[in-house]
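The structure under discussion appears below in the form of structure tokens.
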Amino acid sequence: MPLRFLTAGESHGPALVGILEGLPAGLELSPADLQKELSRRKLGLGRSSRQGLETDRVEVLAGLRRGRTLGSPLAVRIPNRDHGDGREAPLTVPRPGHADLAGARKYGFTDLRDVMERASARETAARTALGAAAKRLLEECGVCVASRVVAIGLADDLTRLSCPVSRLNALADASPVRATDRAASLRMVRAVERAGRAGDTLGGIFEVWAEGLPAGLGSYAHWDRRLDGRLAGALMALNGIKGVDIGLGFAAAVPPGSKVLDAYTWKDGAPAYRSNRSGGIDGGMTTGEPLLLRAAMKPLPTLRKPLPSVDLKTGRAAPAPVLRSDVCAVPAAAVIAESLAALVLADALLEKTGGDSMREILPRLSALRK
Ligand code: EPS
């Protein structure tokens with residue numbers, strides 16, 4: 001696996017940091033490319049006032065020189081403006097659905113802040129910044145990654161994607177909930193507002209698309225090389241995600257094979273797919289058709305009308321703490337998931353082409369596409 005990355009940083013620590021190792025040399029990349037994705041991550045109706053406090057200004061500490069990658073690790077830093085001094089009163093009542101209780105049991109903490117500082121989705125800013133570099137690499141290789149929200153609570157958008165993936169983000173980013181259908185967008189906005197007024201939270205479903213992938217990334221040869229498993233793992237590792245599917249996904253389990261499988265035809269001297277119900281992956285490998293990933297996010301665990309919980313210090317019943325939190329973070333999760341998918345796809349692409357520099361990679365990729 002040529003691309004590796006690590007992140008560190010607590011939600012209210014001085015900064016988040018990330019290192020991406022394995023980027024080829026000679027990729028045109030600027031801090032503005034990373035900034036663009038960080039700024040998109042902050043958007044979306046239903047975010048808490050924390051997003052107003054944070055500027056998410058990314059600093060590139062290593063790996064770039066004169067606007068190009070060096071082939072050395074890319075290191076980034078995103079300072080936290082809401083930076084605590086570590087003297088906050090301890091928290092002993094866990095929020096149902098958050099990492100609080102399971103994390104405290106695992107590490108033996110008595111102050112739940114020791115869990116939530118790192119379990120917080122604030123960390124996803126670092127993954128988004130690193131994924132932005134992977135997105136740039138893919139872009140240079142003719143691959144476009146984008147996303148849209150298709151459900152928030154009961155408000156869903158059943159329309160099929162009706163624009164090229166290259167235009168999807170411009171359309172989705174224009175909606176406060178990143179939905180491409182206007183009527184569905186309005187319904188989702190109302191759902192978030194209603195949940196906010198009720199002191200509740202909402203989850204939802206989003207899609208990530210990738211277009212321009214060459215056929216043959218990933219492999220059937222061994223389980224850990226299957227691209228569907230790698231992509232699903234990356235998306236499941238995003239905070240709050242409870243399900244991931246690809247192409248028809250769970251809907252592929254119901255109809256007979258004749259309605260699910262993609263038949264072939266002969267086109268321009270080569271075999272071609274008559275449909276793309278597989279979502280661009282067969283046998284753990286890309287087919288060359290657009291990739292479609294879908295993920296389900298559960299509602300956020302911090303409720304203004306709190307759920308019953310227990311105080312770990314006294315053993316008595318207590319309501320969960322009411323802390324500052326988002327009402328809905330599905331639009332942000334979709335943006336983060338683009339970065340996560342891009343990291344996996346760039347890794348698989350580099351595996352296929354090999355090479356230390358863009359000068360080596362690009363001709364190999366064109367040969368592959370032929
Ligand atoms: C989060 C709780 C909130 C969110 C945070 C994720 O933060 P705070 O505890 O500071 O109010 O705003 O998300 C972000 C800060 C972010 O940048 O995405 C949680 O508990 O997961």
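In each ligand, atom 1 is the first atom listed, and ligand 1 is the first ligand listed. Only heavy atoms go into these numbers, but all of them, side chains included; no hydrogens, no water, no symmetry mates.
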Salt bridge flag under 4.0 Å for residues [X] and [Y]:
X: E351; Y: R230; value: yes
X: E37; Y: R40; value: yes
X: E139; Y: K135; value: no

Is it the case that the side chain of D100 and the backbone of R95 share a donor-acceptor pair, with hydrogens and angles ignored and the cut-off at 3.5 Å?
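Indeed, once roles are kept as given, a pair shorter than 3.5 Å links the two residues.
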
Only one of K36, R127, R178, R148 clears salt bridge (Lys or Arg N to Asp or Glu O under 4.0 Å) with E338; which?
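The passing option is R178.
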
With hydrogens left out, which residues have an atom under 4.0 Å from ligand 1, given that only heavy atoms count?
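Those residues closer than 4.0 Å to ligand 1 by some heavy atom are H12, R41, R47, S48, R50, Q51, H98, S120, A121, R122, R324, D326.
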
For residues E207 and W209, is any side-chain donor paired with an opposing acceptor at under 3.5 Å?
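Side-chain D/A pair, E207 to W209: present.
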
